[in-house]
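Order of the sequence lines sets the chain letters (A, B, ...), proteins ahead of strands, with each chain counted from 1. Values below: every heavy atom of this structure, side chains too, minus hydrogens, waters and symmetry copies.
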Amino acid sequence: MAQSFPRPRGTRDLLPDDLVLIRHLERTARRVAETGGCVEVRPPLFEDTRLFARSLGDATDVVEKEMFTVPRRSESEQSGSEDSGGYTFRPEGTAGAARAYLEAGFPQRGPLQKWYYLGPMFRYERPQKGRERQFTQFGVEIFGAAGPLADAEVVEIALRFFEALGFGAELEVRVNSMGDPADRDRWRESLRGYFEPQLAERCSDCRDRFARNVFRLLDCKVERCRELSAGAPDLFAVMGEDARVHHEGFLDAMCALGRTVREDRGIVRGLDYYTRTVFEIHYPPLGARSALCGGGRYDGLVAELGGPATPAVGFAIGFTPTEIALAALELPSESELADLRGALAPEVWCVAVTEEERLPVLRLAQALRKAGRRAALDLRGKSVGAQMKEAGKSGAAWLAVLGPDERTSGALTLRSLAGEVEIPAALSADLDAALRAALKDPGSR
RNA sequence: GUGGGUGUAGCUCAGUCGGUUAGAGCACCAGUUUGUGGUACUGGGGGCCGCGGGUUCAAAUCCCGUCACCCACCCCA
């Protein structure tokens with residue numbers, strides 16, 4: 001078992017059985033996004049490193065030490081002047097979507113865009129449960145809508161994804177507002193002023209974070225730190241009128257949708273681009289690992305990338321945490337996966353009784369496949385009995401035995417491997433045609 | 001980056017106070033049987049016991065190192 005070429009750390013091989021669930025997640029995401037009016041986009045899997053440094057914020061851990069970066073090969077590809085930093089495999093989907101939105105000229109030709117994406121993201125960090133170096137995210141981004149209805153619509157789509165998967169009413173939306181940039185600047189300063197005198201009393205993590213991202217001190221889990229944070233200044237105390245009205249509008253819209261949300265001042269997203277609405281979706285029965293979705297508004301991002309001021313709001317859902325949660329809930333039911341699971345097995349297994357029927361059986365399978373049937377046959381020269389066993393184990397629904405008798409009589413019957421006896425009419429017609437094709441002109445070449 | 005745990009057959013694991021050719025179940029292959037069909041039975045293939053070094057007459061087993069994976073911290077799009 002000494003593997004010469006082991007799987008790269010933090011990656012998974014998705015084998016046929018694994019893909020049953022994955023494909024169910026994918027189709028659920030597509031259906032929910034598309035019924036919500038979103039269309040799919042597929043930006044490249046890698047981008048200029050500077051895109052991520054600029055959009056996520058270069059002091060974030062993601063940019064500082066978790067990026068899969070490759071150097072460029074030649075000077076001629078250097079688009080910028082000095083050190084471009086090469087290419088980086090996307091650690092998240094929003095930056096690429098915003099770049100594509102801008103590059104395709106949507107600010108001019110159709111500012112309102114409702115997009116979704118689905119695919120692999122890459123993050124070079126130490127794997128652990130629920131965290132991989134290559135993982136899949138489903139995300140929605142709405143560009144060009146400044147009002148709170150867009151925020152509500154985004155949250156609604158995320159909720160419907162989880163509900164479609166079978167999550168119950170315990171789903172919890174936690175919301176907060178980061179205010180506008182000016183509000184954030186004011187708040188950052190007052191937080192610095194509040195926390196600085198108590199740094200000596202706080203944990204070492206807090207001391208580190210103080211300089212890099214003072215907001216994160218608010219959700220430190222150390223007991224003593226939490227006590228010290230209790231009296232910290234509230235953003236809402238310094239937030240401007242516009243952001244406040246927006247937040248109220250967002251809450252009203254959620255209420256109109258019949259959704260209850262929980263205000264949680266501790267929600268402070270880690271990336272720099274968020275403004276105003278931020279939210280997370282949790283499933284409390286899962287305990288500590290209950291966060292399933294994160295998102296919010298990022299009105300400054302498109303402008304940060306060199307475009308016109310463009311409002312935007314979105315979310316991202318990681319498949320891996322969703323899979324863990326589904327497993328804990330024993331979801332989805334087998335019946336929901338029946339079609340995907342069924343596609344792993346043939347419909348008709350074609351058996352050759354003697355060597356004389358090998359080629360006719362090959363043609364039988366071909367004809368059935370042309371008719372759209374999943375047909376299988378033995379490829380390893382097995383005996384009749386072994387073919388039967390293999391057919392049984394394959395999960396095939398029907399057995400078509402082609403032997404000397406059938407060649408003479410020109411009639412073929414299907415036997416059910418499941419116990420039923422009746423041949424469906426549609427299958428019977430396909431079978432007749434297939435048999436004629438199989439027996440036609442057997443020796444010509 | 002820090003800490004803990006685990007490495008034996010394709011998979012899940014037994015086996016270690018050091019002692020013959022290293023085991024089971026499942027899976028795989030062949031055969032027998034059940035009326036040519038998932039059963040049952042018989043047989044078979046498959047392991048440098050993660051890797052390297054050390055101790056010893058003798059190492060899967062003890063010691064050192066190393067690598068890999070898992071879990072947690074960190075961080076989280």
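Position along RNA chain B of the nearest nucleotide to A:Gly392 versus A:Ala386 favours A:Ala386 as the more 5'-ward residue. Of the two residues contacting RNA chain B, namely A:Val353 and A:Thr94, the nearest-nucleotide position lying further toward the 5' end is that of A:Val353.
Straight-line distance between the C1' atoms of B:G54 and B:A58: roughly 15 Å, to the nearest whole Å. Here, B:G10 and B:G1 have their C1' atoms 36 Å apart, quoted to the whole Å. Comparing B:C28 with B:C64, their P atoms are spaced 43 Å from each other, to the whole Å. Here the separation of B:U61 from B:G7, taken at their P atoms, is 12 Å to the nearest Å. Rounded to a whole angstrom, the distance from the P atom of B:U20 to that of B:C11 is 27 Å. B:C49 and B:A72 have their C1' atoms separated by 29 Å, given to the nearest Å. Remark: the separation of the P atoms in B:A30 and B:G37 is 15 Å, to the nearest Å. One P atom belongs to B:G4, the other to B:U56, and the distance between them is 31 Å to the nearest Å.
In this model, no side-chain donor or acceptor of A:Arg9 finds a partner on the base of B:C69 within 3.5 Å.
Side-chain contact check for A:His246 and A:Asp151: at least one donor-acceptor pair (N or O, by modelled atom type) lies under 3.5 Å. Judged by distance alone, the side chains of A:Thr69 and A:Thr88 do bring a donor and an acceptor atom under 3.5 Å apart.
Contact annotation: A:Arg380 side-chain N/O to B:C29 OP1/OP2 distance is under 4.0 Å. For the OP1/OP2 pair of B:C29 and a distance below 4.0 Å, the side-chain nitrogens and oxygens of A:Lys382 include at least one atom meeting the criterion. For A:Gln128, a side-chain nitrogen or oxygen approaches OP1 or OP2 of B:A72 to under 4.0 Å.
Atom CZ in A:Arg7 sits roughly 14 Å away from atom P in B:A68 (whole-Å rounding). Atom P of nucleotide B:G38 and atom CD of A:Gln387 are separated by 14 Å, given to the nearest angstrom. If you take CD1 of A:Ile324 and C1' of B:A72, they are 14 Å apart, rounded to a whole angstrom. In this entry the distance linking CZ of A:Arg131 with P of B:A72 reads 10 Å, nearest Å. One can place CD of A:Glu390 at 13 Å from P of B:G31, the figure rounded to the nearest angstrom. The distance from atom CG of A:Asp13 to atom P of B:G10 is 16 Å, rounded to the nearest whole Å. Straight-line distance from the CG atom of A:Leu417 to the C1' atom of B:G37: 6 Å, rounded to whole Å. Between the CD1 atom of A:Ile317 and the C1' atom of B:C76 there is a distance of 16 Å, rounded to whole Å.
Contacts of A:Tyr273 classified as ring-ring contact (aromatic ring centres under 6.0 Å, His included), with partners at least two apart in sequence or in another chain: A:Tyr298.
The nucleotide whose nearest atom lies closest to any side-chain atom of A:Lys389 is, among B:G38, B:U36, B:A72, B:G38. In this structure, the nucleotide among B:C70, B:C74, B:U36 sitting nearest to the side chain of A:Pro127 is B:C70. For A:Glu125, whose side chain is taken as the heavy atoms from C-beta onward, the closest listed nucleotide among B:U36, B:C28, B:C75 is B:C75. Nearest to the side chain of A:Lys129, among B:C74, B:A72, B:C29, sits B:A72. The listed nucleotides are B:C70, B:G37, B:C75; the one nearest the side chain of A:Arg415 is B:G37.
Across every strand in view, B:A40 sits in a pair with B:U32 that passes the Watson-Crick or G-U test at under 3.5 angstrom. In this structure, B:C17 makes no Watson-Crick or G-U wobble pair, since no nucleotide meets both defining distances under 3.5 angstrom. A 3.5 Å limit on both hydrogen-bonding distances identifies B:G1 as the Watson-Crick or G-U partner of B:C73. Remark: B:G45 base-pairs with no nucleotide in the shown strands. Criterion, Watson-Crick or G-U wobble with two distances under 3.5 Å. The partner of B:C51 is B:G65, judged by Watson-Crick or G-U wobble contacts that both fall below 3.5 Å. Searching all strands for a Watson-Crick or G-U wobble partner of B:A24 with both distances below 3.5 Å returns B:U12.
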Would you list the protein and nucleotides 1-4 of chain B atom pairs, both N or O, that sit under 3.5 Å from each other?
unit_1, atom_1, unit_2, atom_2, d
B:U2, O4, A:Arg126, NH1, 2.7

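Proximity of the aromatic rings of A:Phe161 and A:Phe138 is defined here by a centroid distance below 6.0 angstrom, and this criterion is met. Taking the six-membered ring where the residue is Trp, the centroids of A:Trp115 and A:Phe106 are separated by under 6.0 Å.
Cation-pi contact between A:Arg123 and A:Phe135: present, with separation from the ring centre below 6.0 Å and deviation from the ring axis of at most 45°.
Remark: A:Arg160 does not engage A:Glu163 in a salt bridge, criterion side-chain N to carboxylate O under 4.0 Å. Under the 4.0 Å criterion applied to side-chain N and carboxylate O atoms, A:Arg192 and A:Glu196 are not assigned as salt-bridge partners.
The number of heavy-atom neighbours closer than 6.0 Å to CD of A:Glu330, taken from other residues, nucleotides and ligands shown, is 12 or below.
Note on A:Ala316: only backbone sugar-phosphate atoms sit closer than 4.0 angstrom, heavy atoms only; bases stay farther off. Nucleic acid contact for A:Gln137: sugar-phosphate only, since backbone atoms but no base atoms lie under 4.0 Å from a heavy atom of the residue.
Screening A:Tyr124, A:Phe52, A:Phe46, A:Tyr87 for a ring-ring contact (aromatic ring centres under 6.0 Å, His included) with A:Phe68, the sole residue that qualifies is A:Tyr124.
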